[in-house]
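Being a predicted model, the structure only gives us computed values, none of them experimental. Start at 1 and go down the list; that is how both ligands and their atoms are numbered.
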Amino acid sequence: MSHDPNCLFCKIAAGQIPAKKVHEDDDLLVFHDINPWAPVHVLVIPKAHIPTLADAQPGHDALLGRMLGLAPRLMKQLGVSNGFRTVINTGPDGGQEVYHLHMHVMGGPRPWAKG
Ligand code: 5GP
Ligand code: ZN
């Protein structure tokens with residue numbers, strides 16, 4: 001599995017930097033965002049280092065599908081019952097800050113800090 005030693009989220013996936021984990025399996029890790037925009041704000045990441053959604057290959061389609069499919073189950077588990085938002089920022093114009101693919105999943109009562 002590809003790993004970038006200088007990547008923040010690869011370090012979180014490897015357990016080198018602590019994070020508040022909510023789900024982990026062979027391919028995916030989910031943890032709470034350190035600077036939440038909403039009452040519940042988690043990040044779903046592949047363990048493999050894929051820098052952006054634009055770098056995903058057709059072979060990653062199943063992985064991307066699993067990231068999306070996990071979102072409603074996690075929100076239910078975290079007590080979000082009135083809807084949520086899923087966001088993937090891609091590249092400079094997409095406002096991406098951490099270059100390891102991640103999906104924001106945000107829920108809970110409004111108002112939210114961002115968006
Ligand atoms: P982006 O702007 O790249 O879509 O989002 C990056 C997200 O990663 C931001 O919401 C930011 O708060 C979060 N983040 C940055 N560094 C850390 C960290 O060390 N730990 C955790 N849990 N989240 C982080
Ligand atoms: Zn990475």
Side-chain angles (χ1 to χ4, degrees):
M1 193 183 293
S2 58
H3 175 92
D4 177 345
N6 298 313
C7 168
L8 176 64
F9 286 177
C10 281
K11 288 180 188 168
I12 288 178
Q16 292 161 355
I17 289 179
K20 227 174 125 192
K21 293 179 190 177
V22 296
H23 171 91
E24 181 165 16
D25 60 47
D26 286 349
D27 305 314
L28 301 178
L29 180 67
V30 185
F31 51 93
H32 288 276
D33 195 292
I34 206 166
N35 184 22
W37 310 340
V40 176
H41 183 171
V42 299
L43 301 174
V44 181
I45 70 165
K47 286 186 171 175
H49 182 76
I50 302 168
T52 83
L53 184 60
D55 297 302
Q57 304 298 314
H60 293 126
D61 283 357
L63 186 71
L64 297 175
R66 288 202 52 226
M67 289 172 67
L68 202 54
L70 201 52
R73 297 197 285 276
L74 289 173
M75 288 295 105
K76 195 173 176 187
Q77 185 185 312
L78 293 168
V80 172
S81 57
N82 200 36
F84 54 89
R85 179 179 288 187
T86 47
V87 173
I88 301 177
N89 297 321
T90 302
D93 287 354
Q96 186 173 358
E97 287 169 11
V98 177
Y99 277 76
H100 179 125
L101 173 62
H102 54 280
M103 181 173 72
H104 299 259
V105 189
M106 293 157 282
R110 285 182 174 270
W112 295 356
K114 207 170 175 180

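- If you chain together hydrophobic residues whose side chains sit under 4.5 Å apart, Val40 and Val30 fall into the same group.
- Shown are the protein N/O/S atoms under 2.8 Å from the Zn ion (ligand 2), given by residue and atom: Cys7 SG, Cys10 SG, His49 ND1, His100 ND1.
- If you look at His104 and His41, their ring centroids are closer than 6.0 Å.
- In terms of modelled atom types and a separation under 3.5 Å, the side chain of Trp112 and the main chain of Gly108 share a donor-acceptor contact.
- To the nearest 0.5 Å, atom CG of residue Asp55 and atom CG of residue Leu101 are 9.0 Å apart.
- A salt bridge does not link Lys47 with Asp26: none of the charged nitrogens is closer than 4.0 Å to a carboxylate oxygen.
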For this session: Give the intermediate values and the outcome of side-chain contact (heavy atoms from CB on, under 4.5 Å) for residues Leu63 and Leu28.
Result: CA-CA 8 Å; Leu63 186 71; Leu28 301 178; 3.8 Å; yes
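- With a 6.0 Å radius and a threshold of 12 heavy atoms from other residues, nucleotides or ligands, Asp93 has its CG atom at or below the threshold.
- Near ligand 1, heavy-atom contacts under 4.0 Å come from Leu8, Phe9, Ile12, Phe31, His32, Asp33, Ile34, Asn35, Leu43, Asn89, Gly95, Gln96, Glu97, Val98, His102, His104.
- Here the two rings, on His49 and His100, have centers that are under 6.0 Å apart.
- Applying the 6.0 Å contact sphere to CG of Asp61 captures more than 12 heavy atoms from other residues, nucleotides or ligands.
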